[in-house]
Novice: 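Submitted below is the structure of interest, expressed as structure tokens.
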Amino acid sequence: METVKLNRGSSIYDKVFKTVAAIAATYILVIIVLIVFQLVSGSYQIWAQEGISFLTGSDWNAVEGRESYGAAPYIAGTFVTAGLAMLVGIPISIGIAMFLSELAPAFLRSPLSFLIEILASVPSVIYGLWGMFVFRDYLRDWIEKPLSNAFGNNVFLFSGTPFGLDIFTAGMVLAIMIIPTIASISREIIIAVPNAQREAAYMLGATKWEVFKMAVIPYSKSGLIGASILGLGRAVGETMAVTMLIGNATGPQAFPTSLFGPSQTMSSIIANEFPEASQGSLHMAALIGVGLILFAVAICINIAAQLLVSRVLRTHQGAVLA
Amino acid sequence: MITIEQRAEFRKHFKNNISNRIIADKIIKGIVFGCVILAVIPLGSILLEVVRNGAPVLSIGFITQPPGAVGSDHPGGIGPAIQGTLVLIGMSSMIGVPIGVLGGIFLSEYGNNKFGNTIRFFNDVLAEFPTIVIGLFSFAVIVLTLGYFSILAGTFALSIIMLPIITRTTEESLKLVPVTIREAGYALGIKRWTVIFRILLTSAKSGLLTGIMLSIARIAGETAPLIFTILGSSDFFAGFDQPVDALPLRIWRLSLLPYDTATAQGWGAALVLILTVLVLNIGLRYLFLRKHSKGRRFRITSGA
């Protein structure tokens, strides 16, 4: 009798395929490592010359012979615009998430979520165009001028003549851009809160707002923070809209002092000056150095956000299964 | 856990000042609704302005001709930009799709371990990464090595940007294929890789396609990484060692020019770009996302 050849499950083809797939999956790790390597080697020159003062200095002089570079104003500009965007964007996003998950009637939920997603799909450069030719005029005439007239002389935040191409405009457009990111993730996190939490509060006679405040927010706090940090990551790395709206100051003038003054962020200075920098020059090394700082900031933010968000969504899935 | 004392406290709180609490509730509901309106207004304004300012310049000539002399009476069109964007999308997909799909297969079929988790994690990290850094990277690797700005550098940058999206959607859609279908395949003695290619990939086809289209919608709007890679040009594609143009890049350049004709053209180009991106996203939503729109699997993102 002939013996049947049993298929042992793993042939040579299987092994080859698994290896190929593993290589493809590892590609992403290799890319990240290579990015770090390229940024470090590309900016080595500037760290050798400027040392720590590249982080703390504010000079930015590309004239040959008098070259001097400090990235402090741009680091500050990045955090100020992103902070402004967070300040405006987070409350609105969480409001939207609350409306979509707790309050909206069923027929409104999916069209509204869809609109928010469309907002997320508009390319950055179109936000920039819209900000430059439409939004900036409204902001300047309706918000900046009244604020400047009322407080301009007393409060340093509102000093200067509002022109519309400034930190405030950039921050507001960034806020609009991060709202869909934060709102859609927050909504998922709020939906992931078990209904038993809400029912317990309803049983005690709480109103909808009280349920949200006492039962939903405490339960989903870390996830909401994670969603906000993800929004921060987007705001920090955002390039085109900011480049078109922030006024593009360089050197010590770029240091953000007034909301209504021009500034510069890390990504916008790279986008603005890179085409002018000659290859292999100190100027280019300085710009790549700014890129390295941006990389370091962004990777910290993204890792923190992923840890917070994925943990919440994972425990939720575990809870449902159990 | 709520203790008995806390419960007593809650009960006391809820018994008192009912009318105030109901008013507070109404106010908050109003504010929350206001938040939604606040977010929808900019969207409405953007779509309205792009259509209002962009529609008048649209014509066959506008989308086929190369740009004319700056500031002249014959502003020409954005033909090279549209062509460049299409070529870029095609070439990036040729690199990004196979690697992304294979990576997704690995994560779904062999990735239930520490190595898989590490890759999944960094994949998610890269998905939200500032694309300008990826542009710098591509500049350092391709442009500096070859010595010229070219479509190759742009392709490399964009393929890295689409990779995490494709990997993630592939993994998620493969996981949706019921175990019984795999087991049916194994029971017939079919080899694992054949099961993956002939059974899993065909069952997960629509999910895979969704991921690829989402990533295309994303890279179609990318501007920042293109500044240092394809540089921009006024001519049609002339070879793999020449700078090329792309729609988002052209919009940016046009918006910086101090001429009304240039601005009008910028709006026109923005209309073409936004139509492309929206058609991709909305079309997808109605074709595929409905079926499995659970979780954050297919989150739509925009180009930076």
Side-chain angles (χ1 to χ4, degrees), chain A residues 7 11 13-14 17-18 20-22 24-25 27-29 31-32 35 38 42 92 95-96 98-99 103 112 115 117-126 129-130 132 134 176 179 184 188 204-209 230 233 237-240 244 267 270-271 274 288 291 294-295 298 302-303 306, chain B residues 10 14 21-22 24-25 28-29 32-33 35-36 38-40 42-43 46 49 99 102-103 105-107 110 119 121-126 128-130 132-133 136-137 140-141 160 163 189 191-193 217 221 223-224 227-228 248 251-252 255 266 270 273-274 277 281 296 300-304:
Chain A
N7 184 352
S11 69
Y13 294 110
D14 278 345
F17 175 71
K18 188 179 171 183
V20 171
Y27 181 74
I28 208 112
L29 288 184
I31 290 287
I32 292 183
I35 290 177
Q38 286 292 349
I92 296 182
I96 293 171
M98 179 186 169
F99 185 80
L103 297 176
L112 270 182
L115 277 185
E117 275 180 47
I118 292 293
L119 200 56
S121 73
V122 176
S124 171
V125 68
I126 292 183
L129 195 70
W130 173 75
M132 211 166 169
V134 180
I176 298 171
I179 282 174
S184 62
E188 280 154 33
L204 291 164
T207 60
K208 282 215 157 159
W209 162 238
L230 221 51
E238 184 44 57
T239 310
M240 294 326 293
M244 290 161 86
S267 47
I270 302 174
F274 212 85
I288 296 179
L294 179 62
F295 176 88
N302 276 317
I303 286 179
Q306 289 300 342
Chain B
F10 275 135
F14 285 130
R21 287 172 40 224
I22 290 178
D25 190 52
I28 296 284
K29 278 180 186 166
V32 163
F33 189 68
C35 289
V36 178
L38 267 181
V40 174
L43 177 65
I46 290 172
E49 296 287 341
I99 299 181
L102 277 175
I105 292 175
F106 179 81
L107 288 183
Y110 307 100
I119 287 176
F121 183 78
F122 280 102
N123 195 57
D124 284 354
V125 167
L126 200 69
E128 304 282 340
F129 214 68
I132 190 163
V133 174
L136 275 181
F137 168 63
V141 171
I160 297 175
L163 209 54
K191 301 235 179 355
R192 197 167 181 182
W193 73 285
T223 322
I227 301 172
F228 339 112
I251 296 174
W252 184 49
S255 77
L273 178 62
I274 212 167
V277 171
N281 279 326
R296 50 196 287 258
I300 295 170
T301 47
S302 74

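Below, all heavy atoms of this structure are taken into account, side chains as well, without hydrogens, waters or symmetry copies. Per chain, numbering begins at 1; letters A, B, ... match sequence-line order.
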Novice: State plainly whether the residues B:Asp25 and B:Arg21 are in salt-bridge range, i.e. N to O under 4.0 Å.
Specialist: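 Here B:Asp25 does not pair with B:Arg21 in a salt bridge, since their nearest N and O are not under 4.0 Å apart.
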Novice: Pick whichever of A:Lys18, A:Met244, A:Met132 has the most heavy-atom pairs under 4.5 Å with chain B.
Specialist: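 Highest number of heavy-atom pairs under 4.5 Å: A:Lys18.
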Novice: Using non-hydrogen atoms and a 4.5 Å limit, figure out which bit of A:Phe17 sits close to chain B: side chain, backbone, both or neither.
Specialist: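 For A:Phe17, side-chain heavy atoms alone lie under 4.5 Å from chain B.
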Novice: Run A:Glu238 and A:Ser124 through side-chain hydrogen bond (donor to acceptor under 3.5 Å, both in side chains) and show every step you take.
Specialist: CA-CA 8 Å; A:Glu238 184 44 57; A:Ser124 171; 2.4 Å; yes
Novice: Check side-chain contact (heavy atoms from CB on, under 4.5 Å) between B:Leu38 and all other residues, then give those that pass, not counting sequence neighbours.
Specialist: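 Only A:Ile92 meet the side-chain contact (heavy atoms from CB on, under 4.5 Å) criterion with B:Leu38.
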Novice: Between chain A and each of B:Val40, B:Val125, B:Ile46, count heavy-atom pairs under 4.5 Å; write down the option with the most.
Specialist: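 Winner by heavy-atom pair count: B:Ile46.
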Novice: Taking side chain as everything from C-beta outward and backbone as N, CA, C, O, which of these in A:Ile179 sits under 4.5 Å from a heavy atom of chain B? Side chain, backbone, both or neither.
Specialist: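 Contact with chain B: side chain only.
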Novice: What part of A:Phe99 gets closer than 4.5 Å to chain B, counting heavy atoms only: side chain, backbone, both or neither?
Specialist: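 For A:Phe99, backbone and side chain are both near chain B.
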Novice: Within a strict 4.5 Å, meaning less than it, do heavy atoms of the A:Leu115 and B:Leu43 side chains meet?
Specialist: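 Result yes, sub-4.5 Å side-chain heavy-atom pair found.
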Novice: Would you confirm whether A:Asn302, through its side chain, and A:Ala298, through its main-chain N or O, come within 3.5 Å as a donor-acceptor pair?
Specialist: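 Present.
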Novice: What part of A:Leu29 gets closer than 4.5 Å to chain B, counting heavy atoms only: side chain, backbone, both or neither?
Specialist: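 Side chain of A:Leu29 only, per the 4.5 Å heavy-atom cut-off to chain B.
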Novice: Side chain, backbone, both or neither: which part of B:Phe129 has a non-hydrogen atom closer than 4.5 Å to chain A?
Specialist: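 Looking at B:Phe129, backbone and side chain both touch chain A.
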Novice: At a heavy-atom distance under 4.5 Å, which candidate from A:Val20, A:Ile176, A:Ile270, A:Leu294 has the highest pair count against chain B?
Specialist: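 The option with the most such pairs is A:Ile270.
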Novice: Hey, could you give me the OG/CG distance between A:Ser121 and B:Asn281, rounded to the nearest 0.5 Å?
Specialist: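 Taking OG in A:Ser121 and CG in B:Asn281, the distance rounds to 4.5 Å.
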Novice: Residues two or more places apart in sequence or in another chain: which of them pass side-chain contact (heavy atoms from CB on, under 4.5 Å) with A:Ala24?
Specialist: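 Once residues adjacent in sequence are excluded, the partners of A:Ala24 under the side-chain contact (heavy atoms from CB on, under 4.5 Å) criterion are B:Ile99, B:Leu102.
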Novice: Let me know if A:Ile35 has heavy atoms under 4.5 Å from chain B in its side chain, its backbone, both or neither.
Specialist: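 For A:Ile35, heavy atoms of backbone and side chain both lie under 4.5 Å from chain B.
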